[in-house]
Q: 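Got a structure here, written out as structure tokens. Questions coming.
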Amino acid sequence: MNNIKITFPDNSVRSYEAGVTAIDIANSIGPRLAKETIAASINNNLVDAFLPINNDAKIELHTIKSSISHDILLHSTAHLMAQAVKRIWPDCQITIGPVIENRFFYDFDIDITFSDNDLIKIENEMQKIVEENHNVSRTNLSRNEAIKFFKEIGDNYKVEIINDLDPSENLSSYHQGEFVDLCRGPHVPTTGHIKYFKLLSTSGAYWRGDENNKMLQRIYGTAFFSKKELNKYLNFLEESKKRDHRKLGKELSIFSFDDEVGSGLPLWLPNGGVIINELEKLAKETEDRYGYHQVRSPHITKGDLYKKSGHLDLYKESMFPAMDIDGTEYYLKPMNCPHHHKIYNASPKSYRDLPYRIAEYGTCYRYEKSGQLFGLMRVRSMQMNDAHIYCSEKDFKKEFLDVCKMYLEYFDIFGIEKYQMRLSLHDKANLGKKYINQPDLWIKTEDQVRNALEEGGINFTEIPGEAAFYGPKVDVQVWSAIGKEFTLATNQVDFAIPRKFDLSYTDEHGNYKTPLCIHRAPLSTHERFIGFLIEHFGGDFPLWLAPVQIVLLPISDKYLNYANNLKEKFVDRGFRVKLDDRPDKIGAKIRQSEIDRIPLMVVVGEKEEQDNSLSLRRRFIAKQRTFSVDNFILDIQKEIMNRSLPNRES
RNA sequence: GCCUACGUAGCUCAGUGGUAGAGCACUUCCUUGGUAAGGAAGAGGUCGCCGGUUCAAUCCCGGCCGUAGGCUCCA
């Protein structure tokens, strides 16, 4: 037997017999390590821990602690689930079963539809396979062998996948017990490595994501290496449900939907109205500071304008059908840009007028397919925090970065700590289909945006094929306080439409030039942003946004007079205040105020009336404090003016 | 739009082929109580909408509308 040299990450070298596996190597270091080894990188290639190593190599072991291993576990659990499904329903066809963030799914072509009971049945079968503790093995296959093999066992979808793969691709199959799947791997060494898993939900899913294909049945699930992690994740899902803006929005009377109004058409209740007003105040203040003009435009417009803008060619399916008015077609506006272009053009512009920045909380209507409506996050009527900046190429970079700066200011105010800018680019294949057919301008503009972002020191990732039809965009992903992801704002560059609209300005030399146009919507739409805020804050808005800021809680009716005096004082100061004058005990009033998430609970009784003071109970602050009325007012005014975030320390 | 599930009081949910119930909320009365539920009474439903089957439908069947989880698409 010849020996091989294995080099470890710390550069130490050990000698083993050729054919040794990563598990063997782990075992030579310690049995616990061997047990916890899931996969290995051999010369930086991720492989199964159970494969023989025949030559000198660099090795890195991946144990249950690494995120690589977690992905492998999820993938193996998908196989485990597919094996269980095939045992129960032998006629079903397996298709694909990839890993997504913290979860996996597998799509099946099967006659029955999975019920909750079926999920339990499948889980039980999975448990059995785990206990059977099958070794997992890998077989390399040539293309022809693979096609022959999967044809023989009747896995037609696998045959289709192989036929569509690059012929140069190395193929392999994974086996555990009677189950075989076409797969790149790697996988956990045995089915016994999978201990803590849970099937989460079922749904329909088109084969290869194409709505012209057959609808398959998908099962989602998750798995972890420890019970604790699994429970933590399940708990996170539960917490997310509790914070769901649809649930909280109803409980806190922020918005509602009504069958008779129509789906995707939210009604803003008074509490929502307060939040909207505060957001608009913030936006207007900020935009004033950045030199924007506020404008207004109508909700309906003639079709010709949208023909010119390209909407009727490239965006029509997202627009409500035309209405005929005196023989002319009018549309509900899906975007504000054409109107803003017209506002730009309402008077001739010189270079001295640029950058020309116009903003509007414009109401737009989009025909979203019924199946994609989702609470406030996806609606058919929405009010955008929209603005367009018309500038020269020379000013572009500064204007673009100022927009980014504005984003960061907002993030700071709302306590958004995690965010990501995504530069969405065009792809050549869709020029003239999804995208305006001006290849050179696309590339030039994308370079400009990329340069601006790089010079501004802003981190971003690039995503091809996600641009708006008229230009590249920077989408902003944010994560709420509990880590749920949202696509919120967007920031787009339009290089083509200004020309179509004959937008121009006179430069220093008296020549006509076409301006660049930046679209930006840092606060997204009221709908999506407030939906996000509800979940981000879990319904506990900072004082400046809270629909009711102060609730007055008299100990008994005897102190109603004093409470009313305070109320009047607070209203005079512009505070949003409510008086709970029900004949209930203080405990009941406190409870209701807590449920309503009112940040400041002011308790007044005999003592307070005598001292002209108040006793403050604040959400998340255990200790109650007594204030003189004047000091209280000063503190609160300051907190509201600064738009401070909720303080949860005691 | 597609797949699947669901739709009973303001909210959360029971329930049945013979035209409905609970808790909370609401109204009234009693209680005037110091930091997360004091007590009693009352009112409240065309059981999503429209058809069909049946002597009889909230329940069974069909269509529509709405909602949820996904697919696809997006702020």
Q: I want to confirm an ordering. Mapping A/L616 and A/A205 to their closest nucleotides on RNA chain B, which one lands closer to the 5' end?
A: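 Nearer the 5' end of the strand: A/L616.
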Q: Using a cut-off of less than 4.0 Å, is there contact between a side-chain N or O of A/T490 and OP1 or OP2 of B/A75?
A: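 For B/A75, neither OP1 nor OP2 has a side-chain N or O of A/T490 closer than 4.0 Å.
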Q: For a quick check of understanding: with a heavy-atom distance under 4.0 Å over all strands, which category does A/F529 fall into, base, sugar-phosphate or nothing?
A: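 Here A/F529 touches no strand at all.
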Q: Any base atoms under 4.0 Å from A/K241, or only sugar-phosphate, or nothing? Heavy atoms, all strands.
A: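 No contact at all - A/K241 keeps every heavy atom at 4.0 Å or more from the nucleic acid.
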Q: Do any side-chain nitrogens or oxygens of A/S203 fall under 4.0 Å of OP1 or OP2 in B/C3?
A: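 For B/C3, neither OP1 nor OP2 has a side-chain N or O of A/S203 closer than 4.0 Å.
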Q: Report the secondary structure of RNA chain B in dot-bracket form, marking unpaired bases with a dot and bases paired to a different strand with |, and treating Watson-Crick or G-U pairs with both distances under 3.5 Å as paired.
A: (((((((..((((....[..)))).(((((.......))))).....(((((..]....))))))))))))....
Q: Do A/S615 side-chain and B/U35 base share a donor-acceptor contact under 3.5 Å?
A: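 Yes, a donor-acceptor pair under 3.5 Å.
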Q: Any chance you could measure A/S381, atom OG, to A/H299, atom NE2, to the nearest 0.5 Å?
A: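 Those atoms lie 9.5 Å apart.
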Q: Over all strands shown, is A/E317 touching base, sugar-phosphate only, or nothing at heavy-atom distances under 4.0 angstrom?
A: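 A/E317: no heavy atom of the nucleic acid under 4.0 Å.
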Q: To the nearest Å, how far apart are A/D109 CG and B/U4 P?
A: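 It works out to 13 Å between those atoms.
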Q: Within the structure, does a side-chain N or O atom of A/Y220 lie under 4.0 Å from either OP1 or OP2 of B/C71?
A: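 So the side-chain polar atoms of A/Y220 do come within 4.0 Å of the phosphate oxygens OP1 or OP2 of B/C71, strictly under.
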Q: Using a cut-off of 4.0 Å on non-hydrogen atoms, how would the nucleic acid contact of A/L216 be classed: base, sugar-phosphate, or nothing?
A: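 Contact class for A/L216: none.
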Q: Applying a 4.0 Å non-hydrogen cut-off, can you work out what A/R617 is touching in the nucleic acid: base, sugar-phosphate, or nothing?
A: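 Counting heavy atoms under 4.0 Å across all strands, the contact made by A/R617 includes a base.
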Q: Counting only side-chain nitrogens and oxygens, does A/K247 get under 4.0 Å of the OP1 or OP2 atom of B/C11?
A: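 The answer is no; no side-chain N or O of A/K247 sits under 4.0 Å from OP1 or OP2.
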Q: Name the residue closer to the 5' end of RNA chain B, choosing between A/Q492 and A/F114 according to the nucleotide with the nearest heavy atom.
A: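 Looking at the nearest nucleotide for each, A/F114 comes out on the 5' side.
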Q: Give one of base, sugar-phosphate or nothing for A/Y367, where a contact means two heavy atoms less than 4.0 Å apart.
A: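 A/Y367: backbone/sugar contact only, no base atoms under 4.0 Å.
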Q: Using a 4.0 Å heavy-atom cut-off, does A/K589 contact any base of the nucleic acid, only the sugar-phosphate backbone, or nothing at all?
A: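 No contact at all - A/K589 keeps every heavy atom at 4.0 Å or more from the nucleic acid.
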Q: For B/G34, does the base pair up with any side-chain atom of A/E608 as donor and acceptor (N or O, under 3.5 Å, distance only)?
A: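 Side chain to base: pair found, below 3.5 Å.
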Q: Of all the choices, B/A36, B/C74, B/U32, which nucleotide is nearest to the side chain of A/S556 once you look at every atom?
A: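 Out of B/A36, B/C74, B/U32, the nucleotide with an atom closest to A/S556's side chain is B/U32.
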Q: OP1 or OP2 of B/A75 versus the side-chain N and O atoms of A/R378: is any pair under 4.0 Å?
A: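 False: A/R378 side-chain N/O out of range (4.0 Å or more) of B/A75 OP1/OP2.
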Q: Side chain of A/R246 only, please: which of B/G69, B/U12, B/G70 is the nearest?
A: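 The answer is B/G69.
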Q: Less than 4.5 Å apart, side chain to side chain, heavy atoms only: is that true for A/Y331 and A/I300?
A: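 A side-chain contact under 4.5 Å is absent here.
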Q: Counting any heavy atom closer than 4.0 Å, what does A/G371 reach on the DNA or RNA strands: base, sugar-phosphate only, or nothing?
A: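 Base contact.
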Q: A/G209 near the nucleic acid: base, sugar-phosphate alone, or nothing, with a heavy-atom cut-off under 4.0 Å?
A: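 The residue A/G209 makes sugar-phosphate contact but no base contact.
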Q: Report which part of the nucleic acid A/I590 touches: base, sugar-phosphate, or nothing (heavy-atom distance under 4.0 Å, all strands).
A: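 Base: the residue A/I590, judged by heavy atoms under 4.0 Å, touches a nucleobase.
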Q: Check this for me, if you would: do A/R422 and A/E485 make a salt bridge, where the nitrogen-to-carboxylate-oxygen distance has to be below 4.0 angstrom?
A: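 A/E485 and A/R422: salt-bridged.
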Q: In terms of relative ring orientation, are A/Y435 and A/H426 parallel, tilted or perpendicular, with 30° and 60° separating the classes?
A: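 The rings of A/Y435 and A/H426 stand perpendicular, inter-plane angle above 60°.
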Q: On a plain distance test, is the side chain of A/E368 in donor-acceptor contact with the base of B/A75 below 3.5 Å?
A: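 Indeed, a donor on one side and an acceptor on the other fall under 3.5 Å apart.
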Q: Need one value for A/S263: base, sugar-phosphate or nothing, where a base atom within 4.0 Å counts as base even if backbone is also close, heavy atoms only.
A: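 Sugar-phosphate: the residue A/S263, judged by heavy atoms under 4.0 Å, touches backbone atoms but no base.
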Q: In this structure, is the centre-to-centre distance between the rings of A/F108 and A/W89 below 6.0 Å?
A: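 Aromatic pair excluded; centres sit 6.0 Å or further apart.
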Q: Between A/H340 (side chain) and A/H519 (backbone), is there a donor-acceptor pair under 3.5 Å?
A: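 Looks like no, no N/O pair under 3.5 Å.
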Q: So for A/R582 and B/C26, does any side-chain atom that can act as donor or acceptor lie under 3.5 Å from a complementary atom in the base?
A: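 Check fails, no donor-acceptor contact within cut-off.
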Q: Looking across every strand, which nucleic acid part, if any, lies under 4.0 Å from A/S524 by heavy atom: base, sugar-phosphate, or nothing?
A: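 The residue A/S524 makes sugar-phosphate contact but no base contact.
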Q: Identify whether any heavy atom of A/D210 sits under 4.0 Å from a base atom; if not, whether one sits that close to sugar-phosphate; answer base, sugar-phosphate or nothing.
A: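 Nothing: the residue A/D210, judged by heavy atoms under 4.0 Å, touches no strand.
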Q: With sugar-phosphate meaning primed atoms plus P, OP1 and OP2, does A/A588 contact a base, only sugar-phosphate, or nothing at under 4.0 Å between heavy atoms?
A: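 Counting heavy atoms under 4.0 Å across all strands, the contact made by A/A588 is with sugar-phosphate only.
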Q: Using a distance-only criterion (donor-acceptor N/O pair, under 3.5 Å, no hydrogens), is the base of B/G1 paired with the side chain of A/Y206?
A: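 Such a pair exists between side chain and base.
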Q: So, OP1 or OP2 of B/A75: does either fall under 4.0 Å of a side-chain N or O from A/K473?
A: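 A/K473 to B/A75 OP1/OP2: side-chain N or O found under 4.0 Å.
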